[in-house]
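Notes follow the structure.
All residue numbers refer to positions in the sequence shown, counting from 1.
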Amino acid sequence: MEFLSYLSPMFFVLIVAGALVGVIFGAIPGMTATMAVAVCLPLTYALDLTNGLALLLGLYVGGISGGMVPAVLLNIPGTPSSITTTFDGYPMAKKGEGERALKISIVASLFGGLFSAGVLFYFAPLLADFAIKFSYVEKFLIIFLALTVIASLTKNMLMGIFSGVLGVWLSLIGTYEITDGGNGETRLMFDFMEYYLVSGFSLLPVLIGIFGITTILQDAEKGFKGDAASPTIKLTTGSRFSFNVFKGQLTNLVRSSSIGTFVGMLPGVGGSAASVLAYTQEKTFPEIPPRWAMVRPKGSWLLSHPIMP
């Protein structure tokens, strides 16, 4: 009952407004959820603690979810967490199902957010005690697992491993932290690069560059071949959305939400690793056939009613 006393009309208005502004920030490549929170942080100075947190949380959640818009329509992840959305969302947009892909992403994102909020609401102290026991070794193993599953998703295993190693090498470019026993010297770069890469590569610009340049080059290739008149993305607006697309996906939603909640509560791991792990689990998880799918030998009939125990 004490929690209900904090709920007011202004509380919900700030959540909705923050989510809308966050979606706009996340839908623009290069504008992250963290940037949305930083820009709107001065607005919370005139609010109390509860309403200020409501606005900031709405901004952050909306910014993370808004990254799926350019991921589906442009094949450019708006946020690092939207990397896996490009794998299936952009091909759907090329087939004219961009609106359907966005609606599926919105519903799945809403389910995952409500699931994690409910878990954290009831089990936050227990999860906090469990998460704080994770040392650098456990975090390294989780990130290493994410890298290995990325390699497993590619058709060419050698190319996938090479891509993971290349990403680790690029992430090591920067400066040794003095607080961690380093001397503040730069690593893995030439002298003329120190001024530009003293802080290393930022993840989001690298993602936008990789995915964006790839899309631009593909469109340019089509233009050279004379196919520029045919649009790459087809949007069919006005189509009715049916929740039947989630039929049989409840296990997938719960499993992916559980992975996201577990990985998200670990400090320093982030949603990008969680999305990759959840996507890989769905791709590799064996599908359980329905109970009614019992096929007789050839020439016989197909049993099409539930098998009673």
Side-chain angles (χ1 to χ4, degrees), residues 26 29 32-33 61 63-95 97-98 100-116 119 139 141-157 159-168 171 203-204 206-208 210-212 214-215 245-266 268-288:
T32 61
V61 174
I64 295 296
S65 301
M68 62 185 157
V69 177
V72 172
L73 301 181
L74 302 176
N75 200 26
I76 301 175
T79 58
S81 304
S82 305
I83 298 175
T84 53
T85 309
T86 62
F87 297 162
D88 296 323
Y90 185 69
M92 291 180 63
K94 294 176 66 176
K95 296 178 181 178
E97 299 180 341
R100 180 168 175 261
L102 289 175
K103 291 178 179 179
I104 293 175
S105 302
I106 292 172
V107 175
S109 178
L110 175 63
F111 181 90
L114 294 177
F115 181 90
S116 61
V119 170
K139 295 178 183 178
L141 293 176
I142 292 179
I143 297 175
F144 182 76
L145 176 62
L147 291 175
T148 55
V149 297
I150 291 175
S152 65
L153 287 176
T154 58
K155 297 180 179 179
N156 190 339
M157 180 68 70
M159 185 60 65
I161 296 175
F162 173 76
S163 301
V165 173
L166 180 62
V168 172
S171 64
L203 178 59
L204 188 58
V206 172
L207 292 178
I208 294 176
I210 292 175
F211 287 88
T214 303
T215 304
V245 296
F246 292 98
K247 186 177 181 180
Q249 296 296 323
L250 181 61
T251 303
N252 177 24
L253 290 174
V254 174
R255 181 173 62 246
S256 301
S257 301
S258 302
I259 294 174
T261 303
F262 171 73
V263 178
M265 72 180 182
L266 301 177
V269 179
S272 55
S275 63
V276 171
L277 289 174
Y279 183 83
T280 310
Q281 284 296 312
E282 174 57 23
K283 284 293 185 180
T284 58
F285 199 84
E287 295 184 1
I288 302 176

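With S257 contributing its side chain and V254 its backbone, the two residues share no donor-acceptor pair below 3.5 Å.
Among all heavy-atom pairs drawn from M68 and L102, the shortest one is O-CD2, 3.9 Å. When all heavy atoms are compared, the tightest approach of G260 to A274 is CA-CB, 4.0 Å. Considering every non-hydrogen atom in both I64 and T79, the closest pair reads O-OG1, 3.6 Å. The two residues L253 and A108 have their closest heavy-atom pair at CD2-CB, 4.2 Å. Annotation for I104 and F246: closest pair O-CZ, 3.8 Å, computed over non-hydrogen atoms. Contact detail for L277 and I259: the closest heavy-atom pair is CB-CG2, 4.0 Å.
We find the OG1-CD1 distance between T86 and I76 to be 10.5 Å, quoted to the nearest 0.5 Å. To the nearest 0.5 Å, atoms OG1 (T85) and OH (Y90) are separated by 15.0 Å.
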Determine all donor-acceptor pairs shorter than 3.5 Å in which one atom belongs to a side chain in residues 109-116; sequence neighbours excluded.
from, atom 1, to, atom 2, distance (Å)
S109, OG, S65, OG, 3.0
S116, OG, G112, O, 3.1
S116, OG, G113, O, 3.0

Passes side chain to side chain contact (heavy atoms under 4.5 Å, CB included), Y279 versus I83? Steps please.
CA-CA 10 Å; Y279 183 83; I83 298 175; over 6 Å; no
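Paired with S275 under the rule side chain to side chain contact (heavy atoms under 4.5 Å, CB included), one option of T84, V263, T280 passes, and it is T84.
Contact annotation: the side chain of E282 approaches that of Q249 to within less than 4.5 Å [non-hydrogen atoms, C-beta and beyond].
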